[in-house]
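Notes to accompany the following structure.
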Number of protein chains: 2
Amino acid sequence: MTLSRLADLRALCERLPPPDEEAAAAAAARQVQLTKPEGSLGRLEEIALWLARWQGRALPRLDAVRIVVFAGNHGVTRRGVSAYPAEVTVQMVANFERGGAAINQLARTAGATLSVVPIALERPTADFTEAPAMSEAEFLEAVGLGMGSVPEGTDLLALGEMGIGNTTAATALAAALFGGEAEAWVGRGTGLDAAGLTRKRAAVEAALIRHRERLDDPLAAAAALDGRELAAILGAVLAARLRRVPVLLDGFVATAAAAPLAKLSQGALDHAEIAHLSAEPGHRRLAERLGKTPWLDLGMRLGEASGAAVAILLARAAAACHCGMATFAEAGVAGRV
Amino acid sequence: MTLSRLADLRALCERLPPPDEEAAAAAAARQVQLTKPEGSLGRLEEIALWLARWQGRALPRLDAVRIVVFAGNHGVTRRGVSAYPAEVTVQMVANFERGGAAINQLARTAGATLSVVPIALERPTADFTEAPAMSEAEFLEAVGLGMGSVPEGTDLLALGEMGIGNTTAATALAAALFGGEAEAWVGRGTGLDAAGLTRKRAAVEAALIRHRERLDDPLAAAAALDGRELAAILGAVLAARLRRVPVLLDGFVATAAAAPLAKLSQGALDHAEIAHLSAEPGHRRLAERLGKTPWLDLGMRLGEASGAAVAILLARAAAACHCGMATFAEAGVAGRV
């Protein structure tokens, strides 16, 4: 998809398709007939209804489950905001391609296909403490790339990222969108020490001051602060919505990347769930602002769609119960006293 | 296994095998070499080490994963302590056998074999508000049945139960072992209304008074308050320990069933983890008393090993990462700055 102006993107967000409430109602009617006390599968029941609502099927299916990991490089790494050197981004992409990373093992466990999309790794974004991370054209190019990554017929899409320095970008974007002191949003990322944390906070504060005049516009804020991989996630979330594909957002960075859509259009993230509550402290705050409860809380903070891949397992459990269980009538089991 | 006296059981608990710390140390040494920031897989890393420690393998395997669901009937149901009639126990066992229950779908999703062990369903335990639920001989028979359900070569054992009325038994047992008012332990089970909850609390209080002279002995307390399915879970947990098989306890009832072992011998449940924090309020209290943090909190309250089956998926994710990921050296990825 080619987008030539931010206004094109805004226009898309103004005509987002609603969920299929008929399919959701049929799924809910089935749930109360299944051989279990009502509500006793807890979150698994909600997940089944969410899949039904967005797939438009009373019996959701998970045949084509796709994980996409976008990777980008960040000029702000020169500010010493990560515990790892910037060249790790390209090295980890190679590791993904050889099958050696966590996400490769988790994708196999979850029965999902994995696509890795490195975006111009040789061209890091600008250091956003000094200039906008991307021009409008660069931002739209990355968004369009993300939009192209959601094939027709996808049953569930899990989105993640790799990019040394990108929790700094996500932190700046979250603070720009939802306000509050940088302090409240900043965390240790892949494992920063105290001095690194101070540098990271300073970089976020500098960015918020430098770009203050464009932060009222969620897309302009994203262009100024994002990495390319965050912009691509925004595009993929939007394309999924246009096709009514349910989306799992991995963790802090993926959630922040999608958040501008929620600011642009109420309900724009209704088709997206947060897979895992990151150990990164800004994530809890961000999830609350978006009104979402992450499915899992396992202390993970890796990114690369690892939390989303684990959440796919929950979706499989939910769909298996919803579609495969017998009803009280079929099983000849008595109801409540 | 035939046990003729409670003392035989106590003697077994006094010579429990320790974990394999050498395997755990080798697994921990591998973890820090894998291509991810240290600790960034959170709980999945702990799970991999736990599997390694108890399987005695630096690279744990999950080829033979077994779910066992024990079922029993409870005389205390005549007190109106459940939202469902007692005949549902046998009906649900038939549903398990035909493949229509939640656990059938979840076992398939988790790649686990499922065994269902109904125990003398035609002979409910005595109403424990009036007499001990079981004689010592009946209790030992059920424990022995559970001990026989752990085949050599099991890589991971998930334990659950079915028995209308059994959250009342579990509540009484938990209160007997760990003290405190019945009020603090009692919950709505499969969905009791307020009047039912009052009857359930009264039944628990009556049992604690009636059996007060035997409650200092964890095994005598279990015989007086358990159902047969709870006694069988205790036996299975013990047999698993003797074979160093790691165990996943499903929820509130399974955890309460195993708890007498922890009172008998410190560390007796080190090989067992709590799979899912039940929506039943006594479970949080019980988990705290046992010093364990459940892996999942999805609002489930079904029993029948459903939470343990979902937790198997986490174990698979953990083992896949631990065994399959490349090291920094293998992948040519740089370490910390």
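None of the values given here were measured: they were computed from a predicted structure. Quick note on labels: first sequence line is chain A, next is B, and so on, each numbered from 1.
Dense packing is recorded around CZ of B:R199, with more than 12 heavy atoms of other residues, nucleotides or ligands lying under 6.0 Å away. When the shell of 6.0 Å around CZ of B:R30 is examined, it contains more than 12 heavy atoms from other residues, nucleotides or ligands.
Between the SG atom of A:C321 and the CE atom of B:M300 there is a distance of 7.0 Å, given to the nearest 0.5 Å. Separating the CG atom in B:L34 from the CD atom in A:Q105 is a distance of 9.0 Å, to the nearest 0.5 Å. Rounding to the nearest 0.5 angstrom, the gap separating the CG atom in A:D297 from the CG atom in B:D297 is 9.0 Å. In this structure, the separation between CD on B:E38 and OG1 on A:T190 is 12.0 Å, given to the nearest 0.5 Å. To the nearest 0.5 Å, the span separating NZ on A:K36 from CG on B:N95 amounts to 12.5 Å.
In this structure the side chain of B:L296 reaches within 4.5 angstrom of the side chain of A:L296, judged on heavy atoms. Counting heavy atoms from C-beta on, the side chains of B:L44 and A:V310 come closer than 4.5 Å.
Proximity of a side-chain donor or acceptor of A:R108 to a complementary backbone N or O of B:A320 within less than 3.5 Å is not detected. In this structure a side-chain-to-backbone donor-acceptor pair under 3.5 Å is present from A:R98 to B:A331. Checking side-chain atoms of B:E87 against main-chain N and O of A:A334 turns up no donor-acceptor pair under 3.5 Å.
Of the listed residues (B:G335, B:G299, B:P37), the greatest number of heavy-atom pairs within a distance under 4.5 Å of chain A belongs to B:P37. Note: A:G39 leads A:S306, A:C323, A:G196, A:G39 in heavy-atom pairs under 4.5 Å with chain B. Here A:M92 is the residue among A:E304, A:H322, A:M92 with the most heavy-atom pairs under 4.5 Å with chain B.
Interface residue A:A102: backbone and side-chain heavy atoms are both found under 4.5 Å from chain B. At a 4.5 Å heavy-atom cutoff, the contact between B:S82 and chain A is made by backbone atoms alone. Both the backbone and the side chain of B:A317 come within contact range of chain A, each with at least one heavy atom under 4.5 Å from a heavy atom of that chain. Looking at B:E45, there are no atoms closer than 4.5 Å to chain A (heavy atoms on both sides), in backbone or side chain. With a 4.5 Å cut-off on non-hydrogen atoms, A:T109 touches chain B through its side chain but not through its backbone.
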Original post:
side chain to side chain contact (heavy atoms under 4.5 Å, CB included) between B:V88 and A:V333: does it pass, once the steps are laid out?
Top reply: CA-CA 6 Å; B:V88 165; A:V333 172; 4.1 Å; yes

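A:T35 approaches B:A101 most closely through the heavy-atom pair OG1-CA, 4.2 Å.
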